[in-house]
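Letters A, B, ... mirror the listed sequences (proteins, then strands); counts begin at 1. Since the model is a prediction, treat every value here as computed from it, not as a measurement. What's counted below: heavy atoms across the whole structure, side chains too, no hydrogens, waters or symmetry copies.
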Amino acid sequence: MENLPKTYTPQEIEGKWYQFWQKNNYFHAEAISEKPSYAIVIPPPNITGSLHVGHALDNTLQDCLIRWRRMQGYNTLWMPGTDHAGIVTELIMERKLAEEGTSRTAIGREKFIERMWQWKAESAGYIVSQLQQIGCSCDWERERFTLDEGLSEAVRTAFVKFYEQGLIYRDTYMANWCPECNTVISNLEVEPIEIDGNFYHIRYPVKDSEVVLEIATTRPETMLGDTAVAVHPDDERYQHLIGKKAHLPLCDREIPIIADAYVDREFGTGALKVTPAHDTNDYEIGLRHNLEQCIVFTRDGYINENAPERYVGLPRSGCRQRVVEDLQNTDSLVKIVPHRHAVGHHDRCGAVVEPTISLQWFMDVRPLARRAIEATQKGEVKFIPARETARFYHWMENIEPWPIARQRWWGHRIPIWYCNACDTITAAMETPQQCECGASDFRQEEDVLDTWFSSGLWPFSTMGWPAETPELTTFYPTSVLVSGWDILFFWVARMIMLGLGCMDEVPFRTVYLHGLVADEKGQKMSKSKGNSIDPLETIATYGADAFRFALANASTPLPYVALPESQIEAGRRFANKIWNAARFIFMNLEKHPMPVEMDTVEINRGTLEIEWIQSRLNYTIETTTDALENFRFHEAAQTLYAFLWHEFCDWYLEFTKQRIAQETPEALWVAANVLEQTMRLIHPIMPFLSEEIWQQLRYGGSSSESALDKNSVTVAPWPEPMGENPTAEATMATLMEVIESIRSIRGELNVPLGASVEIHIQSPDAEIRDRLETYLAQYLPAFTRVASVTIAETLQKPPASAESVIGNLAIYIPLANVIDLDAERVRLSKRYQQAVKDVTAAQKTLDNPNFVQRAPERVVSQKRAQLERLLVEQEKLARSLEILTQSAEGNDD
RNA sequence: GGGCGGGUAGCUCAGGUGGCUAGAGCGACAGCCUUACAAGCUGUAGGUCACAGGUUCAAGUCCUGUCCCGCCUACCA
């Protein structure tokens, strides 16, 4: 067939069909519809980013769900869009600027933001086109961006609302500070990394005493900000010192010795230096004891003038070095002990985070967290896998105020205005006209919001909130949220809280958290580790469908999913297999055109292979649907793979060849019909290939312009199961066993393929004989070359023949000229030994009276039947072996 | 320190509520260009299901303990 090349070439198919879908608007969701709704909002990728393998997995799974539900007749919305991704994006721009020999601060806020928008404009289409290349069926007309006009309004609305509720407030508080990025960050953004550091033991002399307190610290430079030494109130060693003063070396200051139960007597020396301005715990101690907060770092990580002059202006690391040297020189350093401990690093830039007191905007998320917990407990949100629910609760129950401001530029500027006359604070949608003091001169807050604040509003901000839009009515709450578990707290939890806060309702009913893609060593794939595969390269090499199949197939419920190259290769082979099965059908359809429409192919109830394949198809429909229903993507992929390859291709199409040779092409038409339905089933996973073949099947291969105004598998109905046929399946199973036995004999005894063989089958079962007579002669030639088939109730084993036993059925193949009797003896005795082993096991089970008494009748009778069959096999094999051995001995004479 | 997940064939993994002879893909070996597919076909080999107990008629599956591996989480300076 000229228009179907022998090898599947995805590159020639994929682009064409994506355009076709777009042109026909199949992905469009109606804001108002009679149909039931099904909605997913995309986890918005970074606007300037590119697709990595995690996106590929995430979006493939979403597309599977969306395409499947669309075919089921839902009014499906897949809401696409992108995120401005605050700090990450800024950092990349800063690197660019550095390459140009300038910097963020040099060009200033206005110019910087201008550059960001410019870059956004240049790169925005890139990520979208990548999503399209893997086939995502998003409603692109609705594409949104977190810094859009509409979404910005949503951000301001939410902020003002929470401010007015008192949930958002400004406070001087301890928060994690990144000196590289010059901004405060939240706990979630701090990544503790184990490093080899040191424990510095330092002497703090006690005033008016001979005693010297020894304290231990990993951060000696912070002593410049010490305002106390703490000991445990019950620590007998230090009881007498409580209330006295210690002399702080290098600073020439006196600091109080206080008692606080926080101190661990067992740890270090039992005496703790307290730096309330630069340590979270010390901060708490400081509050309890009214200690002075002495900030010694500048915002960009240098020592400020609160420290003695000789340290001012030093960077943190340099300062540590000088402090240690000075301690040594003044004989204040006792010792340095190597010590491994976790140090917080900023997850975006990698800098060591410095906890610092500053005036910040916070959101008290605790009330919303409580509501989120309650809503989840009531079942309004369900997590899959269920184990994630516990993680969610744990996080929510221990949640702390969220520092929502970032001292950055790229993002939503906080809608707070300060009166220049009286410093009154106003939260508003836009610049206020007049202050209550009468002045009308305002300055807006410089800080922007944490990028997760706007993405937390995503499920409703994208649908037009705060306006009351039909989209919100139709699609909110959305159906499912699909994401990696690594952003459960960052994003999913925030969406639930902010959704409850703004919409009074959870944003989605189900959260499906898939695993993260790992390499063959089990390491998470990421660009920074350099172990990532590039989705675009993969698509170029293997095709999007092969990639998608591999992703779906790899998507087990484990926290990490393995995606070795061989999986993708397997996907490609599968695509090629489907392609060639279709070619086979098309080629033969040309010779035997279908007399009726595809959907009305008559089911020939009398023909075994047709009943069988239809039964198997129905099983496949049921299993695939059930798998998708339960987010078991790997099971859907496996089921379709096994059906298409090992049942449809390996068996059914071989039957079909026979039928065509017999001039009864009904089987071929059924093959076309089954393939058509299977293409619908596999469409969610392999959209391009299934569309190509589906179009060819339905519209006779008019793959170009003429098909453009026609229907699409995208909107074809999801197949309905018509019930299974156990009788046909059982009969076919017997036939398959017979055929496999014959092939096995030929294979093991090296009977050349060209050689025709006589086949003698003996079975005492009249019904089995009848079925074999009806079908075997028809089917066999498709699988092996046969000269004749004899079926009888009793049969003399022909001389020099190979034998196979299936229960009470025996197959003999005379191989007078070919057979190697030794090989046959080895083969049979191997079978015999297996039979003995199986018989012993089954016998043992049945000999146990408790089994017969207590096991369900079904299991017992099954076991009995099994034993019976095995016994017959064993006996037959034993007899044949005996004969073989005798004849061998006879030959020896 | 707590918690979660995992340890099944050489490799990567399946094996919802315990019950056929523990499966697949890749790899290995042997034989095939059989008129859809060599990105294919046929056959074969390969597993004491981490270990030790226990519950049960029956355990890869449930319980307890142990050992490894990974992750999340935690204020030990």
Side-chain angles (χ1 to χ4, degrees), chain A residues 1 4 6-8 192 199 215-219 222 230 262-264 266-269 271-275 279-282 284 339 341-342 385 387-388 390-391 394-395 398 485-486 488 515-516 518 520 522-524 542 546 553-554 556-567 569-588 626 630 632 634-635 638 641-642 646 649-650 653 657 740 743-748 750-754 782-785 834 837-838 841-842 845 848-856 858-860 862-863 865-866 870:
Chain A
M1 212 164 151
L4 279 187
K6 207 170 169 181
T7 304
Y8 177 52
F199 236 152
I215 61 97
T217 179
T218 54
R219 297 194 301 158
T222 60
Y262 166 76
V263 179
D264 182 348
E266 313 296 319
F267 192 80
T269 60
L272 172 71
K273 67 188 264 315
V274 184
T275 323
D279 183 279
T280 314
N281 297 304
D282 294 6
E284 298 291 337
H339 179 63
H341 62 135
R387 70 175 113 88
E388 299 294 342
R391 268 181 78 221
H394 182 253
W395 172 255
N398 296 291
W485 52 261
D486 53 335
L488 174 61
L516 311 180
E520 53 285 336
Q523 294 285 306
K524 177 183 166 182
Y542 298 99
N553 196 31
T556 68
L558 294 177
Y560 289 90
V561 303
L563 191 68
E565 187 110 7
S566 63
Q567 284 281 334
E569 173 67 28
R572 176 171 72 157
R573 290 186 193 180
F574 184 41
N576 191 54
K577 187 74 181 175
I578 298 171
W579 179 257
N580 276 290
R583 272 183 73 222
F584 170 77
I585 290 170
F586 294 139
M587 285 168 78
N588 286 289
D626 184 65
N630 293 291
R632 293 204 292 262
H634 66 293
E635 194 183 316
Q638 292 278 336
Y641 184 95
H646 297 305
C649 290
D650 286 354
L653 289 185
K657 287 178 185 169
E740 278 167 349
R743 289 202 298 216
S744 175
I745 289 173
R746 297 194 68 135
E748 286 186 67
N750 280 318
V751 179
L753 201 75
F783 298 96
T784 192
R785 207 158 285 188
Q834 185 60 48
K837 216 172 107 188
D838 294 344
T845 307
N848 183 346
N850 282 325
F851 172 73
V852 183
Q853 260 169 38
R854 301 201 200 181
R858 185 181 53 84
V859 176
V860 176
Q862 232 171 34
K863 195 48 100 179
Q866 186 198 339
L870 285 168

For a quick check of understanding: with a heavy-atom distance under 4.0 Å over all strands, which category does [X] fall into, base, sugar-phosphate or nothing?
X	result
A:Arg858	nothing
A:Asp264	base
A:Gln862	nothing
A:Pro192	nothing
A:Arg743	sugar-phosphate
A:Leu870	nothing

Does the side chain of [X] get closer than 4.0 angstrom to OP1 or OP2 of [N] through an N or O atom?
X	N	value
A:His634	B:G15	yes
A:His394	B:A74	no
A:Arg391	B:C72	no
A:Ser744	B:G43	no

In whole Å, what separates the [atom1] atom of [N] from that of [M]?
N	M	atom1	answer
B:U66	B:G25	C1'	34 Å
B:U8	B:C13	C1'	10 Å
B:C49	B:A9	C1'	11 Å
B:G7	B:U44	C1'	29 Å
B:A30	B:C69	P	39 Å
B:C33	B:U42	P	15 Å
B:C62	B:G16	C1'	15 Å
B:G46	B:G2	P	45 Å

Checklist line | hbond_proxy A:Tyr560 side chain to B:C71 base (donor-acceptor, 3.5 Å cutoff) | finding: no
Check: Under a 4.5 Å cut-off applied to non-hydrogen side-chain atoms, are A:Ile585 and A:Leu653 in contact?
Finding: yes
Next item on the list: Flag the pair A:Asp626 and A:Arg632 as a salt bridge only when some basic side-chain nitrogen lies within less than 4.0 angstrom of an acidic carboxylate oxygen.
Entry: yes
Item checked: Side-chain donor-acceptor contact under 3.5 Å, A:Tyr641 with A:Asn553 -> no
Check: Taking atom types as modelled and ignoring hydrogens, do the side chains of A:Arg583 and A:Asn580 form a donor-acceptor contact shorter than 3.5 angstrom?
Finding: yes
Margin query: Taking A:Pro559's backbone N and O only, do any of them form a donor-acceptor pair with A:Trp485's side chain (distance below 3.5 Å, no angle check)?
Written below: yes
Next item on the list: Check for a donor-acceptor pair, side chain of A:Asp279 on one end and backbone N or O of A:Thr275 on the other, with a separation under 3.5 Å.
Entry: no
Check: Can you name the residues that form a side chain to side chain donor-acceptor pair (under 3.5 Å) with A:Asn588, not counting sequence neighbours?
Finding: none
Next item on the list: Could you list the residues that satisfy side chain to side chain donor-acceptor pair (under 3.5 Å) with A:Thr217, not counting sequence neighbours?
Entry: none
Check: Relative to the 5' end of RNA chain B, which residue comes earlier, A:Trp485 or A:Leu558, by the nucleotide with the nearest heavy atom?
Finding: A:Leu558
Checklist line | Earlier contact from the 5' end, RNA chain B, for A:Tyr8 and A:Tyr262 | finding: A:Tyr8
Next item on the list: Drop me the distance from A:Ile215's CD1 to A:Leu272's CG, to the nearest 0.5 angstrom.
Entry: 8.0 Å
Check: CD of A:Gln853 to CG of A:Asn848: how many Å apart, nearest 0.5 Å?
Finding: 9.0 Å
Notebook entry, point to check: Could you go step by step and tell me if A:Tyr8 and A:Arg572 meet the side-chain contact (heavy atoms from CB on, under 4.5 Å) rule?
Noted result: CA-CA 9 Å; A:Tyr8 177 52; A:Arg572 176 171 72 157; over 6 Å; no
Next item on the list: Take atom NZ of A:Lys273 and atom P of B:C76, then tell me their distance rounded to the nearest Å.
Entry: 16 Å
Note to self: From CZ of A:Phe267 over to C1' of B:C76, roughly how many Å is that when rounded to an integer?
What the structure shows: 5 Å
Checklist line | Secondary structure string for RNA chain B (Watson-Crick or G-U under 3.5 angstrom, | for other-strand pairs) | finding: (((((((..((((.....[...)))).(((((.......))))).....(((((..]....))))))))))))....
Between the protein and nucleotides 47-49 of chain B, are there any N/O to N/O pairs under 3.5 Å, and if so, what are the atom names and distances?
none

Notebook entry, point to check: What residues form a ring pair (Phe, Tyr, Trp, His ring centres under 6.0 Å) with A:Tyr542, not counting sequence neighbours?
Noted result: none
Item checked: Verdict with reasoning, A:Glu740 to A:Phe783, per side-chain contact (heavy atoms from CB on, under 4.5 Å) -> CA-CA 9 Å; A:Glu740 278 167 349; A:Phe783 298 96; over 6 Å; no
Note to self: Across nucleotides 23-38 of chain B, 5' to 3', mark each nucleotide with B, S or - according to how protein heavy atoms within less than 4.0 Å reach it.
What the structure shows: --SSS----S-B-BBS
